[in-house]
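Accompanying notes for the structure given below.
Just follow the structure's listing: the first ligand is 1, and inside any ligand the first atom is 1. None of the values given here were measured: they were computed from a predicted structure. Here, residue 1 is the first one in the sequence, and each next residue gets the next number.
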Amino acid sequence: MTDDTRRKRPAFDEALRIVAAVTPRAPSERIDLDQALGRVAGADVVAVADYPLADMAAMDGVALAAADSLMASPETPVDLPLRGEARAGAAVPIVSTGAACRISTGAVIPTGYDAVIAREYLTIEGDTLLLTQTVAAGRNIRKRGEDAQRGDIVLPAGRVITPMIVGALACYGVTIIDAARLPAIRIISTGDELSGPNAIHDANGVMIAAMVRALGMNAPDRFSVGDDPASIRTILSHAAATPAAILISTGGVSVGDHDHIPRIVAELGGKVHFHGVTMRPGKPVMFATLPNGALYFGLPGNPVAAALGFRFLVMAAIRAMFGLPPEMGIPVAIDLPPRPDTTVVLKARHTAAGEIEILADQRSHTMRALLTADRWITVDGEGCRSYPLLPVLG
Ligand SMILES: Nc1nc2c(c(=O)[nH]1)N[C@H]1C(S)=C(S)[C@@H](COP(=O)(O)OP(=O)(O)OC[C@H]3O[C@@H](n4cnc5c(N)ncnc54)[C@H](O)[C@@H]3O)O[C@H]1N2
Ligand code: MOO
């Protein structure tokens, strides 16, 4: 790290802002609604049909014209002959006033009728309905278009598609939506220690791939390379020449004799936006744009730092690509000393008593606390904020 880049080391929030600011918006693509779960609407979604599609029965029972019940009372019951049946999905029967027809929930109300009496409240003798009280017009009827009308904007661009949204859009006749295109992501694990006699397991590669998949995105391509500059240059220049929106490497970004990534990225023509952030863990993290426009994140090798680098910095880029607002975190009152010069990110979890427990081991190479953690707590000069453990879009 040169003195120059060290001087420019941004604060955590500033680094998130820089990432969002330089990230280009993803183009939209048309996708089937049943493939849309977890995707982000790339344009306003408009109802294709009224919902309900027509005035329909909300109960199984009998449909009639409310006006025919006007004179009905227990003393002067009104008799209406029962003629025909309206069934959900079937052709709507032609009916006449002065009569009633059987109807099932979801059946279209026959023209001329405007009320439904639920079968529990019916008095039927043979083929005759006995009305002993008046019925209000509109009773037990779902009105056409009362939930959505054709042409209504039912979902604004930028909303994450949940299962309930899939259901609602299907009701509104939507079968295809515009969704922000998913970025192709490539992960490069670096370090001589990933192979050879005392090899460690490549935790960072599988972990980051798993976080990508937890977002509902395709499994990223993964590569592994040692610490020698020629091999790193070869794999980075190959990666930089192949279309991918986001490249992520882990390891080799600190100040050690074998930490070559920042220099090679610059030699390849990458524009380094920052190298180093005043955060812990994750301090040596690097962010650049490659000449082909791909974003490059050089995450530190320690697994907690790599996890945080993806969870916060890469996520800031993914959110910006999809047009989502930056994550703010939820301010929480925790008795921790403020950290005016850095942002410390802590592994934490909710206790059964509803409090937030800061877990015991906060070192950046130990993972045990992450087996039970359910959130991150950040501490800076302003106080504490809580963030979900996993990357989220919504
Ligand atoms: N003199 C200094 N030394 C270090 C500093 C510093 O400021 N001055 N920063 C420390 C911090 S903080 C971190 S984080 C690490 C980051 O260093 P690198 O990104 O260069 O990572 P490496 O040195 O290659 O590896 C660090 C650590 O992580 C392990 N590792 C690497 N890759 C993987 C992987 N794929 N899966 C699991 N574990 C991995 C590696 O074996 C090392 O133990 O630098 C500090 N040093
Ligand atoms: O960033 Mo390092 O991850 O503090 O250990």
Inset, instruction - Salt-bridge test for D60 and R102: reply yes if a basic N is under 4.0 Å from a carboxylate O, no otherwise. - result: no

Inset, instruction - May I ask you to identify, for D227, whether its side chain, its backbone, both or neither come under 4.0 Å of ligand 1 on a heavy-atom basis? - result: neither

Legend entry - Atoms in ligand 1 flagged as close to I200, the criterion being non-hydrogen separation under 4.0 Å: 30 (N), 37 (C), 38 (N), 39 (C), 41 (O)

Legend entry - Nearest option to atom 24 (O) of ligand 1, as decided by whichever heavy atom of G252, G191, G301 sits closest: G252

Legend entry - Identity and distance of the protein heavy atom lying nearest atom 5 (O) of ligand 2: S364 OG, 2.3 Å

Inset, instruction - Run the ring-centre check on Y387 versus F312 and record whether the distance is less than 6.0 Å. - result: yes

Inset, instruction - Please state whether G256 comes within less than 4.0 angstrom of ligand 1, counting heavy atoms only. - result: no

Legend entry - L299 N/O to ligand 1 N/O under 3.5 Å: no

Legend entry - Chi angles and distances behind the side-chain hydrogen bond (donor to acceptor under 3.5 Å, both in side chains) call for Y172, D147: CA-CA 9 Å; Y172 306 153; D147 195 29; 2.7 Å; yes

Inset, instruction - Compare V285, D202, I188 and give the one whose heavy atom is closest to atom 35 (N) of ligand 1. - result: D202

Inset, instruction - May I ask you to identify, for H201, whether its side chain, its backbone, both or neither come under 4.0 Å of ligand 1 on a heavy-atom basis? - result: backbone

Inset, instruction - Could you tell me the residue and atom name of the protein heavy atom closest to atom 33 (C) of ligand 1, and the distance to it rounded to 0.1 Å? - result: N204 ND2, 3.2 Å

Legend entry - Non-hydrogen atom of E193 closer than 4.0 Å to ligand 1: yes

Inset, instruction - From the options I248, I261, T289, select the one residue that forms a side-chain contact (heavy atoms from CB on, under 4.5 Å) with Y296. - result: I261

Inset, instruction - Mark yes when over 12 heavy atoms from residues, nucleotides or ligands other than D32 sit less than 6.0 Å from its CG; otherwise mark no. - result: yes

Legend entry - side-chain contact (heavy atoms from CB on, under 4.5 Å) partner of R385, the single match among D380, I330, V332: D380

Inset, instruction - Heavy-atom contacts with K283 under 4.0 Å: which atoms of ligand 2 show up? List them by number with element. - result: 1 (O)

Legend entry - Ring geometry between F223 and H238 (parallel below 30°, tilted from 30 to 60°, perpendicular above 60°): perpendicular

Legend entry - From R150 atom CZ to R144 atom CZ, the distance as rounded to the nearest 0.5 Å: 9.5 Å

Inset, instruction - Could you check atom 3 (O) of ligand 2 against the protein and tell me its nearest heavy-atom contact, residue, atom and distance included? - result: A305 CB, 2.8 Å

Legend entry - For atom 36 (N) of ligand 1, the protein heavy atom that lies nearest, with its residue and separation: A203 N, 3.1 Å

Legend entry - Enumerated ligand 1 atoms positioned under 4.0 Å from heavy atoms of K283: 7 (O)

Inset, instruction - Heavy-atom contacts with P284 under 4.0 Å: which atoms of ligand 2 show up? List them by number with element. - result: 1 (O)

Inset, instruction - Please say whether P284 places an N or O atom under 3.5 Å from an N or O atom belonging to ligand 1. - result: no

Inset, instruction - Could you tell me whether some N/O pair between N302 and ligand 2 is separated by less than 3.5 angstrom? - result: yes

Legend entry - Side chain, backbone, both or neither: the part of D259 lying under 4.0 Å from ligand 1 by heavy atom: side chain

Inset, instruction - Would you tell me which option among L194, N302, V304 has the nearest heavy-atom contact to atom 26 (C) of ligand 1? - result: N302

Inset, instruction - Name the orientation class of the two ring planes belonging to H273 and F287 (parallel below 30°, tilted from 30 to 60°, perpendicular beyond 60°). - result: tilted

Inset, instruction - Measure from atom 10 (C) of ligand 1 to every heavy atom in G309, P262, S254, S249 and give the option owning the shortest one. - result: S254

Inset, instruction - Using only heavy-atom distances, determine whether the side chains of S189 and N204 contain a donor-acceptor pair under 3.5 Å. - result: no

Inset, instruction - Please check if any side-chain donor atom of T234 sits under 3.5 Å from a side-chain acceptor atom of S231, or the reverse. - result: no

Legend entry - Atoms in ligand 1 with a heavy atom of P300 nearer than 4.0 Å: 14 (S), 16 (C), 19 (O)

Inset, instruction - Under 4.0 Å, heavy atoms only, figure out whether ligand 2 is touched by the backbone of P281, its side chain, both or neither. - result: both

Inset, instruction - Give a yes or no on whether a salt bridge exists between R339 and E382, defined as a side-chain N under 4.0 angstrom from a carboxylate O. - result: no

Inset, instruction - Answer yes when D221 and R186 have at least one side-chain N-carboxylate O distance shorter than 4.0 Å, and no when they do not. - result: yes

Inset, instruction - Going by heavy-atom distance to atom 1 (O) of ligand 2, choose the closest among G276, G309, G282, A306. - result: G282

Inset, instruction - Record the part of V255 in heavy-atom contact with ligand 1 below 4.0 Å; permitted values are side chain, backbone, both and neither. - result: side chain

